[in-house]
There are 2 protein chains.
Amino acid sequence: MKPDDLGVHPRTSSVHAVMRDDPGPTAEECLGRTTHFREDMRHGGGSCHAVSDMLSRIGDKWTLVVVSYLGEGPMRFNEMRREIGNISQKMLTVTLRNLERDGFVTRTVTPTRPPQVEYALTEMGHCLLVPVTGLARWTLDNIARIEAARADYDDRDGAAAGK
Amino acid sequence: MKPDDLGVHPRTSSVHAVMRDDPGPTAEECLGRTTHFREDMRHGGGSCHAVSDMLSRIGDKWTLVVVSYLGEGPMRFNEMRREIGNISQKMLTVTLRNLERDGFVTRTVTPTRPPQVEYALTEMGHCLLVPVTGLARWTLDNIARIEAARADYDDRDGAAAGK
DNA sequence: CGGCATCCTGCGGGATACTG
DNA sequence: CAGTATCCCGCAGGATGCCG
């Protein structure tokens, strides 16, 4: 039963495994080493790929977009759908569900004639925007350099192996 | 020709399109609105999905891991392969190639009998670690809350729709 | 209106085998 | 040692259709 069932939480189950027992190499496995990271990572006791996991979460196609829209204030489903424009209702649903599950947004159903559902960022949701914005700022500040590096790289192998 | 060819740069081409002309909705499309983001995003002139793009880049399965390992110092190919352990040589190659292309790592070939190739983080590579570490720290600081929220959510729908 | 369920496709990414 | 080239599979994610 439930063949597809909208892929909500089956994938993020890995974090559970790491956080609970996980007898083997906790800190030494994934992001294990690295001075920079280590220094900042001996907080949670060595949960390493939890960070990669988080980045994959917010790094997916829609999460950040949705969060940023909600950052301005609560919105309803189709309102977001229209504003964002190119998102499918499936992905909006899935994204919102995952965000709700992680405690980043709240879902409030107002049972009117045509039912209204309002989504809003939680405190933690807003909180998340802070470091994310930091990375966003960095990206925008350095996008030119990255662009240049890419063009340079593409030139070289384009000229060499081009044909 | 080149049927698979290791997927290096074909995907990141989207950024180019955005940065150059792109007559349509630049800032208004993707992360367009959002006070928080907007405030911090009128830097680059409204490149919005460049940020999502960047997050997808570093949010992939291995980029962050590789970068963090290199953050400790230069390493050779199989050295990394051994240290990381569970990465395939294909993904190591692809990840390193992309990082090199973006200007985050340098690739130095020392033509000895068995050739040596050393990878090292560039200044920009190290620079990238700063905001990323910020997000990593936040994740580790809040992973417990996220965990709790998830467990809570799973309980409720587990008890309700449980069967 | 706000979903869930199904089909289908692309591509991320692992395993394997072959070169220089 | 450091890759490159293939094959193959799973899953993110788009399109469509149905339901309260």
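Just so we're on the same page: letters track the sequence lines, and every chain starts at 1.
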Original post:
Are E118(A) and R107(A) close enough that some pair of their side-chain heavy atoms sits under 4.5 Å apart?
Top reply: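 Not touching, per the 4.5 Å side-chain cut-off.
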**OP:** Would you mind reporting whether T63(B) and F104(B) have side-chain heavy atoms less than 4.5 Å apart?
**Re:**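 A side-chain contact under 4.5 Å is absent here.
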Original post:
Do K90(A) and dG14(D) share a donor-acceptor pair, side chain to base, under 3.5 Å?
Top reply: yes
With a 4.0 Å cutoff (strictly under), does any side-chain N or O of [X] reach OP1 or OP2 of [N]?
| X | N | result |
| --- | --- | --- |
| R81(A) | dG3(C) | no |
| R76(A) | dC1(C) | no |
| Y119(B) | dC1(D) | no |

Could you please name the option among [options] that lies closest to any side-chain atom of [X]?
| X | options | result |
| --- | --- | --- |
| T93(A) | dG13(C), dC4(C), dG2(C) | dC4(C) |
| W62(B) | dG14(C), dA2(D), dG3(C) | dG14(C) |
| P115(A) | dG3(C), dG20(D), dG13(D) | dG20(D) |

Original post:
Starting at CZ of R97(B) and ending at P of dG13(C), how long is that distance when rounded to a whole Å?
Top reply: 17 Å
Subject >> Which residue lies more 5' along DNA chain C, comparing Q89(A) with P114(A) via nearest heavy atoms >> reply: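 Upstream on the strand: P114(A).
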Original post:
Is R150(B) paired with E100(A) through a side-chain N to carboxylate O contact shorter than 4.0 Å?
Top reply: no
Original post:
Is it true that R137(B) and D141(B) make a salt bridge, defined as a side-chain N closer than 4.0 Å to a carboxylate O?
Top reply: no
